[in-house]
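Written out below as structure tokens is the structure these notes cover.
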Amino acid sequence: NGDDGDDDDDDDDDGDDDDDDDNDDYIPSSSSSSLTFISKLLSAGSPDSQLLALSTLASMTDASKMGLVTAKATSQTLAMPGNDVADMVVRLLLLNDTDTADNNAMLERQAMIVLCNVTKHATLPTALLKSLVLPRLLLLSSSKNDDQTKTGIQMAYLATKCLSQRNGNAIIDTEVADALYRAKTVAQDTHDGLYQRASQLLLLL
């Protein structure tokens, strides 16, 4: 079954149990300067600049690409209250929560990959996480054509990845469970990864 969009987010989640090491407060200087550069790109407003910023940020928060120390430090920096880069990523996701236009789909997908990476290494407020994840689950059940369904499946899969990490299961209330059930139903014959993740999350109720 289709695994659209899964190659960026392999299930190598199991290396996160070393979050209690002595490097939690260490922020490499290269990461700080890179975040400053990313902030400028996101502020530019150009879709190309924003896509470059999000792609770079996705790599910086991916331990398989940048190493655990850099990925963890960058993720924990982004999770700090008032971080301007994180605020811009959140605003982008909130603005795009019902938009599947082609020019926004790539930005939204990269932003969701960043969110998935960050939730491996840092705990986000449950209300914020729900506001970002739930629309991606609901979008799938409201898709009106094949392109929207494909995009919806990708977004829903990334949403379930976020829910599978750290405090993600804390936001699985009745509303989220209903969205998970509908996503599971749509994915049954189209995306095994989404179907399995949604099924596992529903078992937590």
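Only a predicted model underlies this, so the values are computations on that prediction, with no experimental measurement involved.
- Evaluation of the side-chain hydrogen bond (donor to acceptor under 3.5 Å, both in side chains) test over residues 47-57, restricted to residues two or more places apart or in two chains, returns none.
- Of all the heavy atoms in K184 and L202, the pair that sits closest is CD-CD1, 4.0 Å.
- Listed by chain and number, the residues in a side-chain hydrogen bond (donor to acceptor under 3.5 Å, both in side chains) with T119 are Q165 (sequence neighbours excluded).
- Nearest heavy-atom pair, G152 versus L139, reported as atom, atom and distance to 0.1 Å: CA-CD2, 4.5 Å.
- The hydrophobic clustering, which links ILVMFWY residues whose side-chain heavy atoms are closer than 4.5 Å, places V114 and L35 together.
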Working for side chain to side chain contact (heavy atoms under 4.5 Å, CB included), residues L158 and L115: CA-CA 9 Å; L158 292 170; L115 182 63; over 6 Å; no
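- With sequence neighbours excluded, the residues forming a salt bridge (Lys or Arg N to Asp or Glu O under 4.0 Å) with K130 are D173, E175, listed by chain and number.
- Taking CD of E108 as the reference point, atom CD of Q154 lies at 10.0 Å (rounded to 0.5 Å).
- At a threshold of 4.5 Å between side-chain heavy atoms, the hydrophobic network of Ile, Leu, Val, Met, Phe, Trp and Tyr places L57 and F37 in two separate groups.
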Verdict with supporting geometry, T151 and R109, side chain to side chain contact (heavy atoms under 4.5 Å, CB included): CA-CA 9 Å; T151 299; R109 183 172 181 276; over 6 Å; no
Where do M60 and S34 land on the side chain to side chain contact (heavy atoms under 4.5 Å, CB included) test, with the steps shown first? CA-CA 9 Å; M60 288 178 62; S34 295; 3.6 Å; yes
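- For T61 (side chain) and A58 (main-chain N/O), a donor-acceptor pair under 3.5 Å exists by modelled atom type.
- Of all non-hydrogen atoms in L107 and L54, the two that sit nearest each other are O-CD1, 3.4 Å.
- Residues passing the salt bridge (Lys or Arg N to Asp or Glu O under 4.0 Å) test with D87, sequence neighbours excluded: none.
- A single hydrophobic cluster is not seen to contain both M88 and L41; linkage of ILVMFWY side chains at heavy-atom distances under 4.5 Å, directly or through other members, places them apart.
- T126 is linked by a side-chain hydrogen bond (donor to acceptor under 3.5 Å, both in side chains) to nothing, counting only residues two or more places apart in sequence or in another chain.
- Put simply, CG on D84 and NZ on K40 are 11.5 Å apart, with the number rounded to the nearest 0.5 Å.
- The distance from atom SG of C116 to atom NZ of K161, rounded to the nearest 0.5 Å, is 6.0 Å.
- Both L132 and I113 sit in one connected hydrophobic cluster of ILVMFWY residues. Membership requires side-chain heavy atoms under 4.5 Å apart, directly or through other members.
- N169 CG to L163 CG: the interatomic distance, rounded to the nearest 0.5 Å, is 8.5 Å.
- Put simply, CG on D62 and OG1 on T74 are 11.0 Å apart, with the number rounded to the nearest 0.5 Å.
- Annotation: side-chain hydrogen bond (donor to acceptor under 3.5 Å, both in side chains) contacts of N83 (sequence neighbours excluded): none.
- Both V85 and V90 are members of a single hydrophobic cluster when ILVMFWY side chains are connected at heavy-atom separations under 4.5 Å.
- With contacts defined as side-chain heavy-atom distances shorter than 4.5 Å, the pair V89/L92 does not qualify.
- Taking both residues in full, the closest heavy atoms of A122 and S75 are given as CB-O, 4.0 Å, listed atom of the first, atom of the second, then distance.
- Rounding to the nearest 0.5 Å gives a distance of 10.0 Å between CZ of R197 and NE2 of H191.
- A pairwise comparison of heavy atoms in S131 and L128 identifies OG-O, 2.6 Å as the closest pair.
- Taking every heavy atom of both residues into account, Y157 and L194 meet most closely at CD1-N, 3.6 Å.
- Residues M106 and Q110 form no side-chain contact, since every pair of their non-hydrogen atoms from C-beta on lies 4.5 Å or further apart.
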